[in-house]
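First the structure, in the form of structure tokens, and then the observations on it.
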Protein chains: 2
Amino acid sequence: MQDAAPPRPYHHGDLRSALLSAAEAELAERGMEAFSLRSVAKRAGVSHAAPAHHFGDAQGLLTALAAEGFRQFLAAQSAREAVAESDPASQLVAAGMGYIDFAMARPTLFRLMWQSNRPDFDIPDLGKAARAAFHHLVDQVAKAGGETTADEAAVWALAHGLADLLASNRLRGVGALDPAARDEMLAGIIRRALPGA
Amino acid sequence: MQDAAPPRPYHHGDLRSALLSAAEAELAERGMEAFSLRSVAKRAGVSHAAPAHHFGDAQGLLTALAAEGFRQFLAAQSAREAVAESDPASQLVAAGMGYIDFAMARPTLFRLMWQSNRPDFDIPDLGKAARAAFHHLVDQVAKAGGETTADEAAVWALAHGLADLLASNRLRGVGALDPAARDEMLAGIIRRALPGA
DNA sequence: CTCCTATCTTGACAGTGTAAGGATATGGGC
DNA sequence: GCCCATATCCTTACACTGTCAAGATAGGAG
């Protein structure tokens with residue numbers, strides 16, 4: 001992770017992952033639109049053209065970052081499911097909570113993944129990771145007894161809407177609650193979209 | 001009025017609104033991230049520095065465009081309400097449908113308003129327009145019998161989630177329906193979030 | 001007609017992404 | 001030990017961007 005204190009080694013050692021970390025940090029600090037490839041390189045302590053060898057261009061870097069994001073997004077859902085009751089409805093709500101957890105913890109990365117057209121979803125690595133991530137919630141709907149397209153859309157849209165509004169800090173009445181109370185309220189809301197609730 | 005044959009008139013006449021139209025067209029064609037102030041100026045047939053006098057800088061232009069967007073966003077909701085039943089629940093669903101209409105008709109503008117940090121919401125004109133627009137749905141919730149923060153959040157998040165997913169074309173199963181069937185399905189989904197439904 | 005002001009243009013500057021070619025380290029064959 | 005093939009990183013250069021400063025033009029007031 002941390003490279004040596006003396007003048008920077010010519011060969012970084014693990015520049016690829018260092019650039020990904022630097023890119024996410026830059027995104028979080030300066031925002032999606034002010035993102036600059038040269039700033040990322042500077043933050044990683046490397047010349048402005050170094051990223052090219054690992055990612056091709058800026059889109060390549062953001063594509064790789066988004067793919068990594070989708071994998072961690074799926075992990076956030078799984079983490080919630082692991083500590084929830086095992087019945088299908090509880091698992092579905094847990095997946096939705098993980099969806100929201102991720103959006104609140106890393107709002108700019110969430111935006112890169114969902115609202116930006118800079119990542120290239122035709123790159124197989126990202127395409128696969130993205131589909132796996134946002135199909136997971138929909139799959140849970142079927143296990144919980146959902147049968148129609150409307151059931152899938154309702155649960156997904158509700159979780160996504162909560163996540164997006166919370167990530168941009170527009171649901172102040174909810175975001176200001178302490179975590180436990182917030183969790184309970186959000187779980188109650190997600191349950192409204194459940195089939196037969 | 002248009003003396004287009006000779007070289008362009010030195011004074012445009014209505015450059016401010018021409019630049020706003022050009023900006024929205026550029027956004028729709030080239031996307032949020034590839035937006036360029038110079039391209040907008042070129043599209044409006046004017047020098048690259050002409051926008052500065054009307055909007056200050058790029059952020060000023062995008063702020064003005066977002067403010068105009070929020071006004072039309074509110075109008076889209078009102079248009080749906082005008083042709084809906086007058087009972088509070090129907091009016092609420094209609095507002096949600098207008099919310100979605102706007103997102104599907106002008107997806108990039110929707111993104112500028114909701115997911116970009118380039119517009120400056122501290123400018124009073126935009127701040128007022130934005131608050132008026134997204135409080136309208138929430139106000140309808142109270143009229144329809146909603147009392148809690150959860151009621152407000154549920155309806156808003158559901159409408160917003162549907163709008164956002166449809167704007168980015170991820171709800172293919174819903175987006176592919178013909179308008180009438182799609183309306184019916186979306187209305188049914190929104191109703192799920194209603195208090196006491 | 002003269003001049004004032006708002007409007008638009010031109011020219012310049014720093015910062016950006018990207019491509020081309022040069023510099024340096026690493027490891028394998030000898 | 002020596003040498004060089006390769007991956008890795010740097011330097012340079014170019015077109016494009018947003019913004020600022022200064023000049024050009026038009027329309028209207030007096």
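Residue numbers start from 1 in every chain, and the chains themselves are labelled A, B, ... in the order their sequence lines are given, proteins ahead of strands. It should be emphasised that the depicted structure is a prediction, and the values quoted were computed from it without experimental measurement.
- Per the geometry, CZ belonging to F55(B) stands 13 Å off P belonging to dT19(D), to the nearest Å.
- The aromatic rings of W114(A) and F110(A) sit tilted relative to each other, their planes meeting at an angle between 30° and 60°.
- If you check residues 111-123 of chain B against DNA chain D, you find no residue with a heavy atom closer than 4.0 Å.
- Partners of F35(B) under the ring-ring contact (aromatic ring centres under 6.0 Å, His included) rule, at least two apart in sequence or in another chain, do not exist in this structure.
- Residues forming a side chain to side chain contact (heavy atoms under 4.5 Å, CB included) with T148(A) (at least two apart in sequence, or on another chain): A150(A), D151(A).
- Note: CG (L37(A)) to C1' (dT18(C)) measures 9 Å, nearest angstrom.
- We find that NE2 of H54(A) is positioned 19 Å from P of dT6(D), with the value rounded to whole Å.
- Within the nucleic acid shown, A50(B) comes within 4.0 Å of at least one base atom, counting heavy atoms only.
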Show the atom names and distances, to 0.1 Å, of all donor-acceptor pairs under 3.5 Å that link a side chain in residues 120-130 of chain B to residues at least two apart or in another chain.
from    : atom 1 : to      : atom 2 : distance (Å)
D120(B) : OD1    : D122(B) : N      : 2.9
D125(B) : OD1    : R71(B)  : NH1    : 3.2
D125(B) : OD2    : R71(B)  : NH2    : 3.4

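- Contact of the L166(B) side chain with the L186(B) side chain is registered, since non-hydrogen atoms from C-beta on lie closer than 4.5 Å.
- Taking atom CG of residue L15(B) and atom C1' of nucleotide dA6(C), one finds them 12 Å apart after rounding to whole Å.
- Distance CZ (R16(B)) to P (dC8(C)): 12 Å, rounded to an integer number of Å.
- Residue pairs meeting the salt bridge (Lys or Arg N to Asp or Glu O under 4.0 Å) criterion with at least one partner in residues 31-57 of chain B, sequence neighbours excluded, are E26(B)-R43(B), E29(B)-R43(B).
- Judged as a side chain to side chain contact (heavy atoms under 4.5 Å, CB included), and not counting sequence neighbours, A105(A) has no contacts.
- For residues 19-33 of chain B, proximity to DNA chain C is found at no residue, defined as any non-hydrogen atom under 4.0 angstrom from a strand atom.
- The side chain to side chain contact (heavy atoms under 4.5 Å, CB included) check on P107(A) picks up A167(A), with sequence neighbours excluded.
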Which pairs, protein N/O on one side and nucleotides 12-16 of chain D N/O on the other, fall under 3.5 Å?
from    : atom 1 : to     : atom 2 : distance (Å)
dT12(D) : O4     : H48(A) : NE2    : 2.9

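- Within the structure, side chain to side chain donor-acceptor pair (under 3.5 Å) pairs that include any residue of residues 103-112 of chain A comprise E24(A)-R106(A), Q72(A)-R106(A) (at least two apart or interchain).
- For H53(A), no side-chain nitrogen or oxygen approaches OP1 or OP2 of dC9(D) to under 4.0 Å.
- Rounding to whole angstrom units, NZ of residue K42(A) and P of dC10(D) are separated by 13 Å.
- Legend: residues meeting side-chain hydrogen bond (donor to acceptor under 3.5 Å, both in side chains) with S17(B), ordered by chain and number and at least two apart, are D14(B).
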Distance-only check: which donor-acceptor pairs under 3.5 Å involve side-chain atoms of residues 85-102 of chain B, not counting sequence neighbours?
from    : atom 1 : to      : atom 2 : distance (Å)
D87(B)  : OD1    : S90(B)  : OG     : 2.7
D87(B)  : OD2    : S90(B)  : N      : 3.1
D87(B)  : OD2    : S90(B)  : OG     : 3.0
Q91(B)  : NE2    : E81(B)  : O      : 3.0
Q91(B)  : NE2    : E85(B)  : O      : 2.9
Y99(B)  : OH     : W156(B) : NE1    : 3.1
Y99(B)  : OH     : H160(B) : ND1    : 2.8
D101(B) : OD1    : R80(B)  : NH2    : 3.1
D101(B) : OD2    : R80(B)  : NE     : 2.5
D101(B) : OD2    : R80(B)  : NH2    : 3.2

